[in-house]
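Order of listing sets the numbers, starting from 1, for every ligand and every atom in it.
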Amino acid sequence: MLPEMDRTIKITPDFIRSAKSRGEHIAALTAYDYPTARLLDEAGVPVILVGDSVGMVVLGYPDTTQVTLAEMRHHIAAVARAQTRALIVGDLPYHTYQTAQNAVANAHILTEAGAEAIKLEGGVEVVPEIRALREAGIAVMSHIGMLPQNIKLEGKYSIKGRSDSEKERLLVDALAVEEAGAFAVVLELVEPELAREITNRLTIPTIGIGSGPHCGGQILVTHDLVGLFPWFRPKFAVAKADVASAIRTAAEAYVHEVTGKITEPPISR
Ligand code: KIV
């Protein structure tokens, strides 16, 4: 949350871009539906990401690569109906920004659904797409470090920036996306000292996830924050609630009330 921020103003990409110059940290969270977006907005969260993590924590896919543009559009529209003060950022899903032209065409589908900015994964290799999006008047949040859309290529989710060559590449990526016009950059699973260096070198804010405490802000998948996906939670995410248990307990109480039966533990799969 940006504490001294006027709670009535609409958050814009430019406001986030200049957060660092005001000494403010950004607390971003994901939402994929109307009630969650409203609740996060009421809690003062300034940036709501409709991430392609929706594929894993809502749609039951094994990774984000199966998420379609139509699914992103559907979830962005639901979030946008909450008419938030928070900036709504929508992810361009896998294989929807291979050229500058299709990045712009597909981003327009998401902005028409209500996204106020677009996030895409990659550094130097997506600079032409970032530039084209900016020329089309679309605000861009970048995402470097561990790129979940590369999971099929890399086979695992691992920390980036441990070797000298990786450090150098990530620094070059960060400077390149800033220069191309991104208003903020997500650093995912970036080695914390490198994340600190990147944060110091950029004028736009870095928003970390699993990248240590020295970023210009943090982002989490809301399901991890509130304990709504109990079957897997990344090590860096500390749950501040146990919504999964609350749902189970309420459902068991309801089953008992209606049927008089006590719920048996499920057959383990
Ligand atoms: O899809 C997503 O939710 C993301 C965040 C984890 C940064 O990209």
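No side-chain N or O of Glu188 forms a donor-acceptor pair with one of Ser211 less than 3.5 Å apart.
Other residues, nucleotides and ligands place more than 12 heavy atoms under 6.0 Å from the CZ atom of Arg134. The number of heavy atoms from other shown groups lying within 6.0 Å of NE2 (His74) does not exceed 12.
With hydrogens and angles disregarded, a donor-acceptor distance shorter than 3.5 Å links the side chain of Glu125 to the backbone of Gly123.
Applying side chain to side chain contact (heavy atoms under 4.5 Å, CB included) to Ile209 and the options Leu187, Val190, Val186, Leu189 leaves one that passes, Val186.
Between Lys20 and Ile204, every side-chain heavy-atom pair lies at or beyond the 4.5 Å cut-off.
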Are any protein N/O atoms closer than 3.5 Å to the N/O atoms of ligand 1? If there are, list each pair with names and the distance to one decimal place.
| from | atom 1 | to | atom 2 | distance (Å) |
| --- | --- | --- | --- | --- |
| ligand 1 | 1 (O) | Asp52 | N | 3.2 |
| ligand 1 | 1 (O) | Asp52 | OD1 | 3.0 |
| ligand 1 | 1 (O) | Ser53 | N | 3.0 |
| ligand 1 | 1 (O) | Ser53 | OG | 3.3 |
| ligand 1 | 1 (O) | Asp91 | OD2 | 3.2 |
| ligand 1 | 3 (O) | Ser53 | OG | 2.5 |
| ligand 1 | 8 (O) | Lys119 | NZ | 2.8 |

